[in-house]
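Everything on this sheet refers to the single structure shown next.
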Amino acid sequence: MFILPAIWFIILTLLLWRKHQGIDVCVYISSLYAAVNVMAVIVVLTDMLGGGGILFSNGNAEFGIIPTLLYCVLLTITLLPFHLVYDREVKAISVYSPFLLDCLSALLFAVALLNLYLVADSTLDILSGDLGAVRNSIYAGEETPAQLKAESMPYIAKFLYYFNPATLLALPILFYNLCFRKHPWWWNLLLFFASLSMPIAGIQAADRTEMIYYATMLLFTLIFFRKHFTRKIKRALTIVGLPFVLLGAVYVIAVSQSRFENVSEGTSGRNLQYAGQGYLNFCYYWEHANYEQPAVERIFPMYSHFIKKVDSTPARRSERSGQQGFFISVFPSFIGDLMLDLTPIGMIVWVICYTLLGLLLVRQSHRKELDISEVLLIFLMACIPTFGIFYFRFHKFTYTFAVILALVYHFLSRYRIRL
């Protein structure tokens, strides 16, 4: 049974590739699920269960037909909005108010500069020290140097810092400027700097997640805009981007080695367990989870933070792990998080609502023109299934500020409101 998801998504990827006549964003997302489910097969066949965050041990692995089909079908449903996005056929991307887009860009610059101020005096010390020890201290509940520094900031600066996760919006804006607008090089370079804000912040906790998240969404953006790249753009992206790609790869490798140097599976084996555990832990949740106490703080973090006064903190997750009888801070894919927090019925309802909203946003297949506000929302919607090979991305209320910012910008553009 554990082989079915790999076969399912390999076939789905090939069918989409043929339908879309090449690699586009829908084929890209589907190929990610094909890859991680092939890794899940390797993990099972090589007896690597019971480590690296995989909840199943070799003796209790049961991959039932119902959770397997739910996993495959629900993830396929979430791809439907992106199946309508034939980015190879998009001829133009319009902007209602260039000034408004530049204001959004300026806000992202400001947030990135604030983040730089918070991390500037500690990042080099962290990188030159023991990354494994830094990560263990975070697991133990210690705050990063940037977090301690942020506590002394005025309230208005703290509020502005809530938008740091929104800086990833600088990626699609950057590529839009390169392909469809004539902006000075320094403006686009600032956008690139802004887009790196969260990976830079992640170094404070010796974290790989933000770097991997950035890489997956960078690939999504490159695929979406690549048809409009001129030779000059390709050369500029290579010159500017390649050093950062190499630095990011070195950082991820260094963090992985520092964390896994003493485990029996080794660094490569533990990374394989991390990448391949989505389907495996989804099935474990199905078999062992207790759904009598639904929790919404990870799925609706803004509501939980401001109304229920509950956040998805390490202490809260530890409490829920005790209630469930197993460690919940693993990678069960994003629909695994939905199932654990909202019950299986809630998961199905959420997926249907998400897909309907995506279909309403795209509206029709083979569109020749999009608005940049639509592109930003498509980008954010894609964050969920793309990084969802691991978990539900928008699990903190601060992450939701990116969605709010994009929705406000879309509303102003859609209804032609000038500021």
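- Distance CG/Leu237 to CZ/Phe225: 11.5 Å, rounded to 0.5 Å.
- For the atom pair Phe327 CZ and Asn281 CG, the distance stands at 11.0 Å (nearest 0.5 Å).
- To the nearest 0.5 Å, atom CG of residue Leu218 and atom CE of residue Met211 are 12.0 Å apart.
- By the 4.0 Å N-to-carboxylate-O rule, Arg367 lies close enough to Glu374 to be salt-bridged with it.
- Tyr274 carries Arg208 over the face of its six-membered ring, with the cationic atom under 6.0 Å from the centre and within 45° of the normal.
- Ion pairing between Glu369 and Lys91 fails under the 4.0 Å rule for side-chain N and carboxylate O.
- Tyr279 and Thr68 are linked by a side-chain donor-acceptor pair at a separation below 3.5 angstrom, with hydrogens and angles left out of the test.
- Using bins of under 30°, 30° to 60° and over 60° for the plane-to-plane angle, the ring pair Phe159/Tyr155 lands in the parallel bin.
- Ring to ring, Tyr354 and Trp350 are close: their centroids are under 6.0 angstrom apart.
- Of the N and O atoms on the side chains of Asn115 and Tyr161, at least one donor lies less than 3.5 Å from an acceptor on the other residue.
- Using modelled atom types, one finds a donor on one side chain and an acceptor on the other under 3.5 Å when comparing Tyr71 with Asn37.
- Heavy-atom contacts from other residues, nucleotides or ligands closer than 6.0 Å to NZ of Lys149 number more than 12.
- In this model, a donor atom of one side chain and an acceptor atom of the other lie less than 3.5 Å apart for Tyr214 and Ser195.
- Summarising the geometry, atom CD1 belonging to Ile3 is positioned 10.5 Å from atom CD1 belonging to Ile10; distances are rounded to the nearest 0.5 Å.
- Judged purely by distance below 3.5 Å, without hydrogens or angles, the side chains of Thr76 and Trp8 pair a donor atom with an acceptor atom.
- Looking only at atom types and distance, the side chain of His20 has no donor-acceptor partner in the side chain of Asp87 under 3.5 Å away.
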Worked verdict on Arg181 versus Asn188 for side chain to side chain donor-acceptor pair (under 3.5 Å): CA-CA 11 Å; Arg181 301 178 72 192; Asn188 290 326; over 6 Å; no
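- When only modelled atom types and interatomic distance are considered, Asp311 and Thr313 share no side-chain donor-acceptor pair under 3.5 Å.
- In this structure, Phe9 and Leu12 have side chains that are in contact, with non-hydrogen atoms separated by less than 4.5 Å.
- By the 4.5 Å heavy-atom criterion applied to side chains, Arg298 and Leu340 are counted as neighbours.
- Taken to the nearest 0.5 Å, the CD1 atom of Ile299 stands 8.5 Å off from the CD atom of Glu297.
- Taking the side chain as every heavy atom from C-beta outward, Ser312 and Arg317 approach each other to under 4.5 Å.
- A salt bridge links Glu89 to Lys368: one of the charged nitrogens lies within less than 4.0 Å of a carboxylate oxygen.
- Using bins of under 30°, 30° to 60° and over 60° for the plane-to-plane angle, the ring pair Tyr86/His83 lands in the tilted bin.
- Within 6.0 Å of atom CZ in Arg363, more than 12 heavy atoms from other residues, nucleotides or ligands are found, so the atom counts as buried in its surroundings.
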